[in-house]
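Here's the structure we're looking at; comments come further down.
Residues: numbered from 1 along the sequence shown. Source: prediction; values computed, not measured.
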Amino acid sequence: MKWQAFFATSIILLGLALSITWISYESLMGQFSSHQAANQQSQRLQIESALRSSAGDLKQLASIVASSESLSKALEEKDREGVAQSLKYQWPTIQLEAGVDDLKIIGLNGRPVASYGDKTEGSSATPDTHWLAHVIANEQPGDFLRCQQVCRQYAAVPILSNGSNAGIVMVSRSLIEVMSYFMGSSGNDIALILNNRKKSFGDEEERWIPDWGAYSLAVTHKEKTLPIIKSAAKAASLESIMVKPVSIFRDGENFEVSLIPIGKSVPNLEAGYFASVENVSKQLSSIQTTTRTVFVVALAGWGFSEVLLLFVLWKPVQRIRALTEALPGLATGDYTRMRSALSGRRGEEPRDEIDVLVDSALSLATQLESLEEEVHQRGEKLESQVLELRKERDLIGNLMNAAQVLVVIHDDTGTVQLANRYAGKMVGQDEHTLEGAAFREVFYKLGNSTDSLTASFGQRESELMSQDGQLKTIVWHHTALTEWAGERQSTISVGLDITDRKIAEMRLSWLANRDPLTELYNRRYFEKALQQAVLPGARGAMLYMDLDRFKEVNELGGHQAGDQLLKLVSETLRREFGSQGVFARLGGDEFAVLLERSNAEAAVGLAKLMSEKLENISLDVDGQRHRTAASIGIALYPDHGPTPKELMASADFAMYKAKEHVSSRWHLLASSRDRDVLQERLYWEEKLRHALKYEGFELWHQPIAKVTDSAVSHYEILLRMRIDDDEGQSSIISPGAFIPIAEKSGLIVDVDRWVLTHSLKLINRLRDPSLKLAVNLSAQSLRDETLTRFLKDGLIEHRVSPSQLIVEVTETAAVTDFSTARCILQEVRDMGCSVALDDFGVGFSSFYYLDQLPADYIKIDGSFVQDLPDSRRSQVIVKAVVEIARGFGKKTVAEFVDRPEIVDMLRESGVDYMQGYWLGRPTSFDIGG
C-alpha cells in the first residue's frame with residue numbers, strides 16, 4: 001500500500017515539478033522576448049532620430065553656405081567661374097568639420113553650376129530631379145535619403161538674392177556616420193545593406209548576401225558579423241525579419257538579427273537597411289541556469305515530500321501488512337499462528353482503526369475455532385455412518401459393473417442374490433431378473449456337478465453357452481461373504497471369460513509344430529519325431545523330396561505363384577498319403593516323410609505313388625502352365641543311418657542321385673558305391689567345418705594385367721584348403737575337391753564370408769591404396785539378402801575403400817535366381833565395389849544378360865581363349881563379346897592365357913585385360929590371423 005501511495009504521489013509531484021519548471025522557463029523566455037522587442041523598437045527610434053538629426057545638421061550647413069553674398073552675386077550674374085571661386089576657400093573647412101562628402105550649387109534649371117567634394121562613383125550622383133524641382137519651387141529647405149551604389153543623405157537649401165530664388169545649395173554625406181553613432185549607443189554590431197542592387201565592378205564577393213539579393217556596403221567586425229547575417233538570410237526573408245528578428249546559433253553563441261529600413265523607399269531605387277546583430281548568449285544562458293535551478297529545487301522538494309510520506313505511512317502499513325498476513329489463518333484454521341502474530345494488541349484500548357480491526361479479527365478467530373471444533377465432532381459421527389454406505393456403493397458400483405467379468409452373489413443354496421450387468425449380458429437376461437435364479441442352472445450347468453460351491457472355495461473352470469450360441473470357457477473364483485446376508489452364508493463368484501486365451505493357446509501350440517503356409521509339420525517337429533523314431537532296434541524309412549524347376553516358377557510367376565504351388569503340393573500329400581506317415585516341409589521346396597516300421601518295398605511304392613500324383617498337379621500363371629515334378633531320395637534306418645543326422649544326410653544324398661536319374665524320379669540308397677560317395681561327402685563336410693573353425697584355408701592370388709602393356713591391374717583371390725595328416729605333414733587341396741560339397745551341404749555361404757573377411761584383412765594389412773582384389777562368390781551367396789549388410793560392415797570394420805574390392809560371380813550363378821542376384825549385385829556396386837561376370841559365354845542367353853546384369857568386368861570363358869589361335873569360332877565369339885561389352889561400357893578379361901600368340905590375338909581383338917599361366921601362376925598369401 002505504501003509503495004502504491006509513494007508511486008502515485010511521485011507521479012503527481014514530478015508532474016508539478018515539471019510544470020513549475022516549464023512555467024518558469026516560458027515566463028523567462030517571454031520576458032526575454034518582450035525585452036528584445038522593446039530593445040528593437042528603441043533601436044529603430046534611435047536610427048530614425050539619428051537620421052533626423054543628421055538631416056537637420058546638413059540643412060543648417062546648407063543654409064550657412066546659401067547665405068554667402070559672393071555666392072548669391074555670382075549666381076545673379078550667372079558667373080559660373082565666380083560661383084566656383086566663391087566657396088573655394090570655405091570648402092575644406094566645411095568638409096572637415098561637418099563631415100560633408102559633397103557640395104553642389106544647382107541652378108534654377110536643376111543643373112549643377114559648381115561642385116565640391118568626392119568624385120568617386122555614386123558620390124556625385126544627383127538626387128531625384130522631382131525633389132530638386134520641389135525645393136526650387138517651394139523655396140523651402142529639404143532633405144532626401146538615397147541608397148543606390150552607396151547610401152547617402154542629401155539636404156538642399158534655396159539661395160535667395162534680392163528676395164528671389166537664385167538657385168539651391170545641396171550637400172550630402174554617407175550614412176556610415178549614422179552607423180558609428182548607432183553602434184556606439186547600442187553596443188550591437190551593425191551592417192548597412194542595400195537591396196535590389198546591381199553588381200558593379202569592384203564589389204567584394206564576400207559582401208553579397210545571395211538569399212536576399214543584397215549587398216553589405218558597410219559592416220562592423222566583418223569576419224564575425226557577415227557569416228551571422230548570411231545564416232539569418234538562409235533562415236528567413238527580409239520581410240519576416242523586419243517583423244520579427246531571427247535567432248542564430250553559431251560558434252557556441254546565440255545571436256538575434258533584426259532589420260531596420262533606412263527612411264522611406266524611393267520608387268525604382270534600391271532600398272537600404274540597417275542590420276543589427278545582438279549577442280544574446282548571456283541572456284539565454286541566464287534563463288537556462290534559472291530554469292535548472294528551479295527544476296533542481298522542485299526535485300529536492302519532491303524527494304523530501306516522498307521521504308516524509310514514507311516516514312508517515314511506514315508504521316501503519318507495516319501493521320496492516322501483519323494483519324493481512326494473519327487473516328488467511330481464519331480460512332485455513334491456523335488460529336494459533338494468527339493469535340501469535342496479533343498478540344501485541346491484547347489487553348490495550350484501541351488507539352486507531354487498525355487496532356479495532358485487530359481486536360475484531362482475534363474475536364472472530366475465537367468464535368470460528370469453537371465452531372470448527374463442534375463441526376469436527378459431528379463430522380466424525382457422520383463419517384462412521386457414511387462408511388458403511390460407501391462400502392456398499394463401492395462393492396456394488398465398482399466390482400459389479402465396472403469390470404468386464406461375471407460377478408454373481410448367491411447364498412448357500414445356490415440362489416442368486418445379485419448379479420452384475422456383464423453377467424446378465426452373457427446369458428442374455430437382465431441382471432435384475434437373475435435374482436432368485438439357481439446359480440448352477442444358469443451359470444454352472446456345464447461345470448463339474450460334484451463341486452460344492454459353499455464347502456470349498458477357490459478357482460473352478462466351466463463352460464457357458466452365451467446368448468449368441470457360442471460356447472465360452474469361464475474360470476470362476478469363489479469367495480465367501482461373511483456380512484452379506486446376515487445369518488446365512490453367501491458367496492461371491494467372479495467369472496472371467498478365457499475363451500480367446502484358450503483359442504490362442506491352441507493356435508500357438510499348433511503353430512509350434514506346423515508350417516504356416518502348407519499346414520504340414522515343420523522342420524522342428526519332424527526332427528523331434530525323427531529323434532523319437534530312430535532308436536536302437538527300430539526300423540523304418542525316410543523320404544527326402546525336392547521340387548524340380550521350382551525356381552523357374554518363382555522367377556516367371558513371382559513368389560506368390562511359388563507359394564500357391566507349394567500349397568497344391570501339400571494338399572495333395574496330406575489328402576492322398578497323410579495317414580501313412582509324418583509329412584513335413586523342411587523349408588523352401590524341400591519336403592520329408594517319416595515312415596515308421598516300414599521297409600524298402602513300402603518306401604519305394606510310396607515314392608512312386610507320390611511322383612505320379614505330383615505330376616498331375618499344374619498351375620496356370622498369366623496364361624503359362626507350370627507342371628510339378630519332384631526328385632525323391634529314400635534312406636532306411638538303421639541301414640543307411642543309425643542316427644537322425646546321418647539318416648537325413650543319406651536321404652539328402654539319395655535325393656541328389658534321383659535328380660541325376662530323371663526317368664525314375666526316385667532313388668533308394670542301396671549300392672556300395674552310393675555308400676562310398678556318401679562317406680566321402682561326410683568326410684569333406686567335416687573337413688570344411690574344421691577349416692572354417694580352425695583357419696584351415698589359405699588365400700592365393702593370380703595377377704590380372706592389361707593386354708596393351710602387361711601392367712598388373714589387380715589380383716584374383718583363389719582359395720586353397722590346408723590338411724594335416726597323422727604325421728603332421730600339410731598338403732594343399734584345390735577347391736575342385738571341396739567346393740561342390742560345400743555347395744551341396746550349404747556351407748558355401750560360410751566359405752564365401754570367410755574369403756571376404758580375410759580378403760579385407762589382407763587389404764588392410766598391406767596398406768596399398770592401389771591394390772585391388774577380385775573375390776569369387778557362389779550362387780547361394782547371391783540369394784542371401786544379408787550379404788550386402790555383411791559386406792558393408794566388413795568394409796567399415798577393416799577400413800577398406802570399396803573401390804579396392806571386385807566381387808566376381810559366374811554367369812550361371814547370376815542367372816539362376818536372376819532378379820535376386822541383380823538386386824544384390826546392384827547394391828554391391830552402389831557401395832562403390834566393382835562386379836565381374838566370370839565364365840561368360842557358356843550360357844545360351846549370355847548376350848541377353850550382359851545388358852541386364854550390373855557388371856563392370858566381363859571374363860571371357862577360358863574354353864574360347866585356349867584355342868583362340870586355332871578356332872575361327874572362338875575368334876568370332878571373343879570378337880563379339882568384346883564389341884558388345886564395349887558398347888555397354890564394360891571391360892573384358894580373357895582367362896587361361898598360356899601362350900604369347902594368344903596375347904597378340906587378344907590385343908588385336910581389343911580385349912582389355914588377361915589372366916593365365918603366361919602372365920603368372922597362383923601363389924599363396926601369408927595373412928596370419
Problem set entry | Donor + acceptor pair across side chains of Thr289, Ser286 (<3.5 Å) | no
Problem set entry | Beyond-backbone contact of Leu259 with Phe274, side-chain heavy atoms, under 4.5 angstrom | no
Exercise. Between atom CG of Leu108 and atom CD1 of Ile168, what is the distance when rounded to the nearest 0.5 Å?
Worked result: 9.0 Å
Problem set entry | Atom of Ser172, atom of Tyr154 and distance for their closest heavy-atom approach | CB-CD2, 3.3 Å
For this session: Measure the shortest side-chain to side-chain distance between Lys104 and Arg111 over non-hydrogen atoms and say whether it is less than 4.5 angstrom.
Result: no
Problem set entry | Euclidean distance, Leu192 CG relative to Thr220 OG1, rounded to 0.5 Å | 11.0 Å
Problem set entry | salt_bridge(Lys59, Asp143) N-O dist < 4.0 Å | yes
Problem set entry | Side-chain H-bond candidate by donor/acceptor type, Ser54 with Arg173, under 3.5 Å | yes
For this session: Could you tell me whether Glu380 atom CD has more than 12 heavy atoms of other residues or ligands within 6.0 Å of it?
Result: yes
Problem set entry | Euclidean distance, Tyr25 OH relative to Leu18 CG, rounded to 0.5 Å | 15.0 Å
Problem set entry | side-chain hydrogen bond (donor to acceptor under 3.5 Å, both in side chains) assessment of Ser27 paired with Ser24 | CA-CA 5 Å; Ser27 176; Ser24 174; over 6 Å; no
Problem set entry | Flag if over 12 foreign heavy atoms under 6.0 Å of NZ, Lys230 | yes
Exercise. Ignoring hydrogens and geometry, is there a side-chain-to-backbone donor-acceptor pair from Ser53 to Ser49 under 3.5 Å?
Worked result: no
For this session: Compare all side-chain heavy atoms of Asp102 with those of Tyr116 and state whether any distance is below 4.5 angstrom.
Result: no
Exercise. Counting only heavy atoms not in Phe249, do more than 12 sit closer than 6.0 Å to its CZ atom?
Worked result: yes
Problem set entry | Backbone N/O of Gln140 and side chain of Asn138: donor-acceptor pair under 3.5 Å | no
Exercise. When rounded to the nearest 0.5 angstrom, what is the spacing between CD1 in Ile248 and CD1 in Ile228?
Worked result: 8.5 Å
Exercise. Of the non-hydrogen atoms in Val257 and Ile241, which two are nearest, and what is the gap between them?
Worked result: O-CG2, 3.6 Å
Problem set entry | Separation between CD of Gln31 and CD1 of Ile287, rounded to the nearest 0.5 Å | 8.0 Å
Seminar exercise, completed: Looking only at heavy atoms, the pair that brings Ser216 and Ala191 closest together is OG-CB, 4.1 Å
Problem set entry | Residue from Ile190, Val277, Leu226, Asp189 passing side-chain contact (heavy atoms from CB on, under 4.5 Å) with His221 | Asp189
For this session: Determine whether Val219 and Arg207 make a side-chain contact, defined as any pair of heavy atoms from C-beta on separated by less than 4.5 Å.
Result: yes
Exercise. Does the side chain of Ile260 come within less than 4.5 Å of Tyr273's, by heavy atoms?
Worked result: no
Exercise. Heavy atoms, side chains only, cut-off 4.5 Å: are Trp91 and Val100 in contact?
Worked result: yes
Exercise. Under the side chain to side chain contact (heavy atoms under 4.5 Å, CB included) criterion, do Trp212 and Ile229 qualify, and how do the steps go?
Worked result: CA-CA 10 Å; Trp212 286 344; Ile229 294 175; 3.9 Å; yes
Exercise. For Gln60, does the CD atom have more than 12 heavy-atom neighbours from other residues, nucleotides or ligands under 6.0 Å away?
Worked result: no
Exercise. So, Asn165 side chain and Ile136 main chain: donor-acceptor pair closer than 3.5 Å or not?
Worked result: yes
For this session: Identify the two heavy atoms, one from Ala232 and one from Val246, that lie closest to each other, and give their separation to 0.1 Å.
Result: CB-CG1, 3.5 Å
Exercise. Taking atom CZ of Phe255 and atom CD of Glu278, what is their separation to the nearest 0.5 Å?
Worked result: 10.5 Å
For this session: Measure across Leu58 and Gln153 and return the closest heavy-atom pair with its distance rounded to 0.1 Å.
Result: CD1-O, 3.4 Å
For this session: Could you please spell out the steps behind the side chain to side chain contact (heavy atoms under 4.5 Å, CB included) verdict for Ile106 and Val113?
Result: CA-CA 5 Å; Ile106 300 175; Val113 177; 6.0 Å; no
Exercise. Do Lys224 and Glu253 pass the side chain to side chain contact (heavy atoms under 4.5 Å, CB included) test, and can you show the C-alpha distance, the side-chain angles, and the key distance before you say yes or no?
Worked result: CA-CA 12 Å; Lys224 178 179 179 181; Glu253 294 182 311; 3.9 Å; yes
For this session: Determine whether Ile105 and Ile159 make a side-chain contact, defined as any pair of heavy atoms from C-beta on separated by less than 4.5 Å.
Result: yes
